[in-house]
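Given the structure is predicted, the values throughout are model-derived calculations rather than measurements. Naming: A, B, ... by sequence-line order, numbering from 1 per chain.
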2 protein chains.
Amino acid sequence: MSKTDSPKATRERLLNEAEALFAEKGYEAVSVREITTAAECNLAAVNYHFSSKWNLYLEVFRERWIPRARRIHAAFRESLNAKEAFSPTDVVEALARAFLEGPLTDEERSRHHQLMAREMAKPSGAFELLAREAMQPFFMEVAGMLHQVGVGSSPAPKDDLFLNILSMMAIVLFYNFARNAVTRITGKPYDEAFRKGLVEHIIRYSLSGMGLQAPARS
Amino acid sequence: MSKTDSPKATRERLLNEAEALFAEKGYEAVSVREITTAAECNLAAVNYHFSSKWNLYLEVFRERWIPRARRIHAAFRESLNAKEAFSPTDVVEALARAFLEGPLTDEERSRHHQLMAREMAKPSGAFELLAREAMQPFFMEVAGMLHQVGVGSSPAPKDDLFLNILSMMAIVLFYNFARNAVTRITGKPYDEAFRKGLVEHIIRYSLSGMGLQAPARS
DNA sequence: GTCTATAGCAGGATAGAC
DNA sequence: GTCTATCCTGCTATAGAC
């Protein structure tokens with residue numbers, strides 16, 4: 001890349017390519033050479049801009065993952081604030097839509113959940129960041145909302161509410177990080193049409209799972 | 001290890017330690033040196049017994065993962081065969097119990113699902129094996145059973161049945177491969193008591209999600 | 001800020017003694 | 001079957017020219 005590109009261009013390209021590669025293959029499976037080649041810059045650029053491969057990884061979470069999580073959370077809140085009052089059903093639907101057809105492009109969604117799944121499988125330094133700054137607070141916020149509107153009040157313990165939300169998130173995560181497997185098993189391509197059907201499925205499944213709606217069919 | 005150990009001992013130890021390490025860290029993050037140290041044998045043993053690190057990885061699936069999957073599937077069938085007739089509810093419950101309190105030890109369960117999650121996130125040569133030999137046939141078997149007893153018949157399309165089963169599997173997978181994250185978020189240790197509660201939760205959530213049971217509370 | 005060149009080390013694999 | 005010794009490749013990281 002020529003020096004006439006905007007000054008931060010290299011750093012930004014490195015973050016982009018690094019995120020894509022880390023999401024796809026995992027930290028150890030990606031080499032600095034691979035990243036700098038993809039970013040069309042020199043091998044030494046990673047150490048210049050981020051001082052180490054490991055810190056580049058952390059920076060991907062700080063500068064890309066967390067802001068994106070916040071965008072999703074903001075989309076969720078907005079769609080609820082658009083209503084004057086909301087029901088538990090509204091919360092679940094807003095949640096599913098924010099994560100599955102919210103502000104992200106499809107590729108961003110895939111990356112986002114792949115990185116998340118990898119950190120959940122084997123938490124590294126990045127997981128603490130991710131949990132503290134995004135997951136934990138958002139999880140509590142949603143739990144509070146649902147509790148306030150009557151889900152998870154007695155006789156159902158709050159523990160149950162936690163598991164209900166977790167299970168819904170588990171489904172959202174799964175369909176995003178395991179796209180290859182889903183395609184292989186269902187035999188259907190993971191395209192726009194499939195994703196649309198998924199959103200409906202997940203909303204219905206989660207609502208019923210949480211006991212918020214009578215089964216659609218008996 | 002002394003030469004007086006049974007002849008296959010080294011090979012078996014290698015498979016055991018390799019599986020544990022691959023499950024915990026992923027293929028690339030584990031070195032042959034790490035495996036042979038854990039197995040208390042010589043560095044060259046991997047190449048002697050398995051010819052390459054990659055083939056050791058595949059062998060872990062062939063000789064450990066697939067047989068274990070079959071044990072789970074067998075436990076599932078047995079618990080249904082014990083009944084003279086079974087309902088859709090029985091199928092879901094048998095499914096959950098086979099995977100969550102079936103024939104595996106807790107550590108085996110963790111390994112099993114970690115390896116599975118890794119292959120689903122980024123399928124390698126092992127995924128094709130795993131899908132063809134275990135997941136795909138079992139998935140079809142369960143779908144057939146549920147369809148036969150009336151789930152997923154019209155007006156609900158069979159596609160919906162597929163997603164219903166997938167989502168249940170997604171939840172089972174999640175709670176096993178993301179134990180650290182679950183513990184971090186819920187604040188509860190992933191112990192025997194927690195697991196018992198999980199089984200009940202997953203059965204209830206999945207049954208309702210599939211529209212098989214009225215919500216337990218309204 | 002970007003490059004080349006290279007240090008320094010860890011990785012997988014193999015040859016050959018025992 | 002198991003070991004030691006070693007090859008060679010690829011890795012991260014850094015020094016220093018431009």
**Report entry** Distance-only donor-acceptor test (3.5 Å): side chain Arg33(B), base dG12(C)
**Finding:** yes
Query - Euclidean distance, atom CZ of residue Arg13(B) to atom P of dT2(D) [Å, nearest integer] - result: 8 Å
Query raised in the report: Would you call Arg97(B) and Glu93(B) a salt bridge, using N to O less than 4.0 angstrom?
Result: yes
Query raised in the report: What's the CG-P distance between Asn55(B) and dG12(C), to the nearest Å?
Result: 15 Å
Query raised in the report: Whole Å only: how far is the CZ atom of Phe50(B) from the P atom of dT2(D)?
Result: 11 Å
Requested in this report: Check the distance between dA13(C)'s C1' and Lys53(B)'s NZ and give it to me in whole angstrom.
Outcome: 12 Å
Query - Nucleotide dT2(D), atom P - distance to CD1 of Ile35(B) in whole Å - result: 16 Å
Requested in this report: Give the C-alpha distance, both sets of side-chain angles, the deciding distance and a yes or no for ring-ring contact (aromatic ring centres under 6.0 Å, His included) between Phe139(A) and Phe162(A).
Outcome: CA-CA 8 Å; Phe139(A) 188 85; Phe162(A) 280 6; 5.4 Å; yes
Query raised in the report: Is there a donor-acceptor contact under 3.5 Å linking the side chains of Ser167(A) and His201(B)?
Result: yes
Query raised in the report: According to the ring-ring contact (aromatic ring centres under 6.0 Å, His included) rule, which pairs have a member within residues 105-133 of chain B, sequence neighbours left out?
Result: Trp65(B)-His112(B)
Requested in this report: Kindly point out which of dG1(D), dT2(C), dA13(D) is positioned nearest to the side chain of Thr10(A)?
Outcome: dT2(C)
Requested in this report: Using only side-chain N and O atoms of Tyr48(A), determine if any of them is under 4.0 Å from OP1 or OP2 of dT2(C).
Outcome: no
Report summary line: Separation of dG10(D) atom C1' from Leu43(A) atom CG, nearest Å, is 11 Å
Query raised in the report: Should Asn42(A) be listed as having a side-chain N or O under 4.0 Å from OP1 or OP2 of dT4(C)?
Result: yes
**Report entry** Options dC3(D), dT2(D), dT12(D), nucleotide nearest the side-chain atoms of His49(B)
**Finding:** dT2(D)
Query raised in the report: Using a cut-off of 4.0 Å on non-hydrogen atoms, how would the nucleic acid contact of Ala44(A) be classed: base, sugar-phosphate, or nothing?
Result: base
**Report entry** Interatomic distance, Glu28(B) CD vs dC11(D) C1' [rounded to whole Å]
**Finding:** 13 Å
Query raised in the report: Between dT12(D) atom C1' and Asn47(A) atom CG, what is the distance in whole Å?
Result: 7 Å
Requested in this report: May I ask you to decide if the ring planes of His73(A) and Phe138(A) are parallel, tilted or perpendicular, using 30° and 60° as cut-offs?
Outcome: parallel
